Engineer: 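Have a look at this one before I ask anything.
Quick caveat: nothing in here was measured; it's all calculated off a predicted structure.
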Amino acid sequence: MNYIERKEEDLKKRIIPQTANKDFAEFWQKHVENLKKIPVEFERRLLKTPYDKTITTYEISFNTHDDTVVYAYFSKPASMEGKLPCVVWYHGGGGKRRIYPNIVACGVCCFAMDVRSQHGKTFDLAQYQMGTDYVIGSMVTHDILRKDSYYLKNIYLDAVRALDVVALLPEVDNEKIVTFGESQGGALSIAASALNDKSVKCYASVPSYGCLWHRVEKASGVFQAVNILLNRNPELTDQVFDTLTYFDVNNLVSLLKVPVHYTLGLSDPTCLPEFVYSFYHHTTSEKELTIAPFTGHTASEEYLNKVYTEFSEMA
């Protein structure tokens, strides 16, 4: 038994149980159906970029489930015509939309959206009900006592709506739309593929937003803000943890019906290896896992080579 095999045997002993309430699937069905009732509206304009010789890029703005307007970049190989596969890329926490030449170089389109109220152009216009006393250093505390208006619900639905927009773009082959992301983006990739049937495969690199009770207890990453909130207001613990069950990727993976390719870093201090391994374990659709030894909170070169090869084979 080699090193990685021994580490995987250890991870099998540390699988974290799911926490979904009985109405988990019903909750998401309700919100996705409400989103579907809102007609998709988007605008696009051609951009001038340093990559114009090889990549054609548009800025796209689109509507979602509330008054927020979401901005994205849509890029395609300049030399290729007809309908092409499309990778819908979701950025990590605190990031913003970018042009991804390495993805487009595979001969596919890339749609990269902003996550609302992070570092991009998309500003969150949701009407949050909780007072500022409960907003502590991170968006993940916004309306954390109200699952129907919680911040993570909003960004998950934005990710779902992105697939609806992509499917309407004339350059895109609707039979070859996949989702891809890292950290927060990995969670959004899972959410979009789980809640929208327009995706044919999901790629999730060191996905975040899972095993959330553990992340709050460990004050891990952005969930340190929730730990601080509960330290100051311990009487809210059960209510907060109940909200988090609806947005926990460890629960959400059960709704996936398409193939998924995960990667975890054995040295990841944020999305711990046992977290991602638990997502993989609870996934019932076709699945693959790349375990990267001595890799932290990032995609390994081995994983990216596999993913980019698959993108090239789609083209």
Engineer: Is Asp67 atom CG crowded by more than 12 heavy atoms from other residues, nucleotides or ligands, each under 6.0 Å away?
Structural biologist: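 It does not: Asp67 CG has 12 such atoms or fewer within range.
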Engineer: Does NZ or CZ of Arg215 lie under 6.0 Å from the centre of the six-membered ring of Phe223, at an angle within 45° of the ring axis?
Structural biologist: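 No, Arg215 does not lie over the aromatic ring of Phe223.
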Engineer: Sequence neighbours left out, what passes salt bridge (Lys or Arg N to Asp or Glu O under 4.0 Å) with Lys176? Give chain and number order.
Structural biologist: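 Lys176: no salt bridge (Lys or Arg N to Asp or Glu O under 4.0 Å) contacts found.
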Engineer: If a pair satisfies side-chain hydrogen bond (donor to acceptor under 3.5 Å, both in side chains) and one of its residues is in residues 268-277, list it, with sequence neighbours excluded.
Structural biologist: Glu8-Tyr277, Arg14-Glu274, Asp268-His297
Engineer: Can you see whether Tyr280 has Lys287 sitting over its ring - NZ or CZ less than 6.0 Å from the centre and within 45° of the normal?
Structural biologist: yes
Engineer: Is the count of non-hydrogen atoms from other residues, nucleotides or ligands lying under 6.0 Å from Glu288 atom CD greater than 12?
Structural biologist: yes
Engineer: Using the test side-chain hydrogen bond (donor to acceptor under 3.5 Å, both in side chains), find all partners of Thr284 that sit at least two apart in sequence or belong to another chain.
Structural biologist: none
Engineer: Given side chains that start at C-beta, do those of Glu182 and Val206 come closer than 4.5 Å, heavy atoms only?
Structural biologist: yes
Engineer: For a quick test of reading the model, state the closest non-hydrogen atom pair linking Tyr128 to Ser149 and the distance between them.
Structural biologist: CE2-O, 3.3 Å
Engineer: Clusters formed by hydrophobic residues whose side-chain heavy atoms approach within less than 4.5 Å: which one holds Tyr71, and what are its other members?
Structural biologist: Val69
Engineer: Ser193: which residues meet the side-chain contact (heavy atoms from CB on, under 4.5 Å) condition with it, sequence neighbours left out?
Structural biologist: Thr179, Ser199, Cys202, Leu256, Val258
Engineer: With Asn34, which residues qualify under side-chain contact (heavy atoms from CB on, under 4.5 Å), at least two apart?
Structural biologist: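 Per chain and number, Asn34 pairs via side-chain contact (heavy atoms from CB on, under 4.5 Å) with Lys30, Lys37.
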Engineer: Check salt bridge (Lys or Arg N to Asp or Glu O under 4.0 Å) between Glu59 and all other residues, then give those that pass, not counting sequence neighbours.
Structural biologist: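 Counting only residues at least two positions away or on another chain, Glu59 forms a salt bridge (Lys or Arg N to Asp or Glu O under 4.0 Å) with Arg45, Arg97, Lys121.
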Engineer: Tell me every residue that passes side-chain contact (heavy atoms from CB on, under 4.5 Å) with Phe123, counting only those two or more places apart in sequence or in another chain.
Structural biologist: none
Engineer: For Tyr151 and Asp143, which I'm curious about, is there any donor-acceptor pair between the side chains at under 3.5 Å?
Structural biologist: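 Distance-only check fails for Tyr151 and Asp143.
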Engineer: According to side-chain hydrogen bond (donor to acceptor under 3.5 Å, both in side chains), who are the partners of Tyr209, at least two apart in sequence or on a separate chain?
Structural biologist: Gln184
Engineer: Got more than 12 heavy atoms from elsewhere within 6.0 Å of NZ, Lys218?
Structural biologist: no
Engineer: Using the ring-ring contact (aromatic ring centres under 6.0 Å, His included) criterion, which residues pair with Tyr100? Sequence neighbours excluded.
Structural biologist: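 Testing Tyr100 for ring-ring contact (aromatic ring centres under 6.0 Å, His included), a comparison that skips the adjacent residues, returns Trp89.
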Engineer: Would a single hydrophobic cluster contain both Tyr90 and Val160, if residues Ile, Leu, Val, Met, Phe, Trp and Tyr are joined by side-chain heavy-atom contacts under 4.5 Å?
Structural biologist: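 Result: yes, single cluster for both.
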Engineer: Working note: Lys198 + Asp164, criterion salt bridge (Lys or Arg N to Asp or Glu O under 4.0 Å); need CA distance, chi angles, decisive distance, verdict.
Structural biologist: CA-CA 7 Å; Lys198 294 180 175 66; Asp164 296 330; 3.0 Å; yes
Engineer: So which atom in Pro77 and which in Val108 form the shortest heavy-atom distance, rounded to 0.1 Å?
Structural biologist: CD-O, 3.5 Å
Engineer: side-chain hydrogen bond (donor to acceptor under 3.5 Å, both in side chains): which pairs involve residues 248-263, sequence neighbours left out?
Structural biologist: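 The answer is Gln18-Ser254, Thr19-Asn251, His261-Thr290, Tyr262-Thr283.
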Engineer: Mind checking side-chain contact (heavy atoms from CB on, under 4.5 Å) for Glu301 and listing every partner two or more places apart, or none if nothing turns up?
Structural biologist: Asn305
Engineer: If you count heavy atoms of other groups shown closer than 6.0 angstrom to NZ of Lys96, is the number above 12?
Structural biologist: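 Not buried by this count: 12 neighbours or fewer within 6.0 Å.
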